[in-house]
Amino acid sequence: MTPVEPGMSTSPSTARPDNHAAPPVWLRAAPSRARRKPPLTLDRIVDAAVIVLDELGAEGLTMRCLAQRLDVTATALYWHVRTKDDVLDLAVDRIFGDVPVPKASESWLEDIRVLARAWRGAMLDHPWAAGLVGRPMLGPNVLARTEFLQSALVRGGCSGLHLAVATRLLANYVIGASLTEATWRRSTEPETRAAARAHIVASANAYPTLDASGHLDDTRWDDDLLFEEGLNGILRTAARR
């Protein structure tokens, strides 16, 4: 056993030979750490679901596909959601959050126009959504915007049955118009749409009114104009009551 000289430290750092001394802390490489996955949360699940739905549609969304996108097991998802329907409901409510709730103005008609335009925009940005809005929607974003819609109608004099009918007319109009537009744009090439119009023109004897009205003619009136005119028609009816 080697004797220890008086005053000599017995700590490992000073007892080791100089040629094996550790380098200064500034020159040491940081210890490698395994990459940690971000924790799985409901928000992360819904964000990923919206991305998958935008890419694949409602039919393409599965729990397995969603789990792969999140780099987790499908079992991990079930700690947060029970079924695919839960995911769909949450995803629809998430995109409704992209629809700003307007600040109430002196014109209840204009307030509804602003809301309806933004609602249509969200539906067109996420074409899968319009086909799911018929489900019972109780999410906070959906309810907040429906509350704004009805409150504007009440300011316009609607109540009782007329309020319920006006609400349904406006909601169904926005959803239906968005679904038609999104489907038409997604599934039909411009050449096919032109061929559809050409078929109407070539069959003018059988469909004289369709021919004269420009049915299926994309160049006659665009979707924005048709949407605005339809919306104005519904609002004029609501205002008369």
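The model shown is predicted, which means the values in this text are computed figures rather than measured ones.
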(request) Could you give me the CA-CA distance, side-chain angles and deciding distance for Asp217 and Thr219, then say whether side-chain hydrogen bond (donor to acceptor under 3.5 Å, both in side chains) is met? (result) CA-CA 5 Å; Asp217 186 353; Thr219 65; 2.6 Å; yes
Sequence neighbours excluded and cut-off under 3.5 Å, please list the side-chain donor-acceptor pairs for residues 61-69, or say none.
{"from": "Thr62", "atom 1": "OG1", "to": "Cys65", "atom 2": "N", "distance (Å)": "2.9"}
{"from": "Arg69", "atom 1": "NH2", "to": "Glu55", "atom 2": "OE1", "distance (Å)": "2.9"}

(request) Run the salt-bridge test on Glu228 and Arg117 with the 4.0 Å N-O cut-off and return the result as yes or no. (result) yes
(message) Is there a continuous path of hydrophobic side-chain contacts, each under 4.5 Å between heavy atoms, that joins Ile112 to Leu226?
(response) no
(message) Would you say that Arg113 contacts Asn232 through its side chain, given a criterion of any heavy-atom pair below 4.5 Å between the two side chains?
(response) yes
(request) Would you please name every residue forming a salt bridge (Lys or Arg N to Asp or Glu O under 4.0 Å) with Asp98, sequence neighbours left out? (result) none
(request) Can you establish whether the number of heavy atoms outside Trp79 located under 6.0 Å from its atom CH2 is more than 12? (result) no
(message) Surrounding CZ of Phe227 (heavy atoms of other residues, nucleotides or ligands, distance under 6.0 Å), is the total greater than 12?
(response) yes
(request) May I ask you to say whether Asp211 pairs ionically with Arg197, meaning some side-chain N is under 4.0 Å from a carboxylate O? (result) yes
(request) Evaluate side chain to side chain contact (heavy atoms under 4.5 Å, CB included) for Asn141 paired with Ile95, printing each intermediate quantity in order. (result) CA-CA 8 Å; Asn141 291 323; Ile95 69 162; over 6 Å; no
(request) Looking only at non-hydrogen atoms, find the nearest pair between Ala116 and Leu231 and report the distance. (result) CB-CD2, 3.9 Å
(request) For the pair Lys103 and Asp111, find out whether any cationic side-chain nitrogen is under 4.0 Å from an anionic carboxylate oxygen. (result) no
(message) So Thr237 and Leu169, do their side chains get closer than 4.5 Å, heavy atoms only?
(response) no
(request) Output, in order, the C-alpha distance, side-chain angles, deciding distance and verdict of side chain to side chain contact (heavy atoms under 4.5 Å, CB included) for Val87 and His80. (result) CA-CA 10 Å; Val87 177; His80 302 273; over 6 Å; no
(message) Is there a side chain to side chain contact (heavy atoms under 4.5 Å, CB included) between Leu56 and Trp128? Walk through the geometry before answering.
(response) CA-CA 9 Å; Leu56 305 176; Trp128 50 269; over 6 Å; no
(message) For the CD1 atom of Ile175 and the CZ atom of Arg120, what is their distance to the nearest 0.5 Å?
(response) 14.0 Å
(request) Could you go through the side chain to side chain contact (heavy atoms under 4.5 Å, CB included) check for Asp93 and Asp89 one step at a time? (result) CA-CA 6 Å; Asp93 195 65; Asp89 289 343; over 6 Å; no
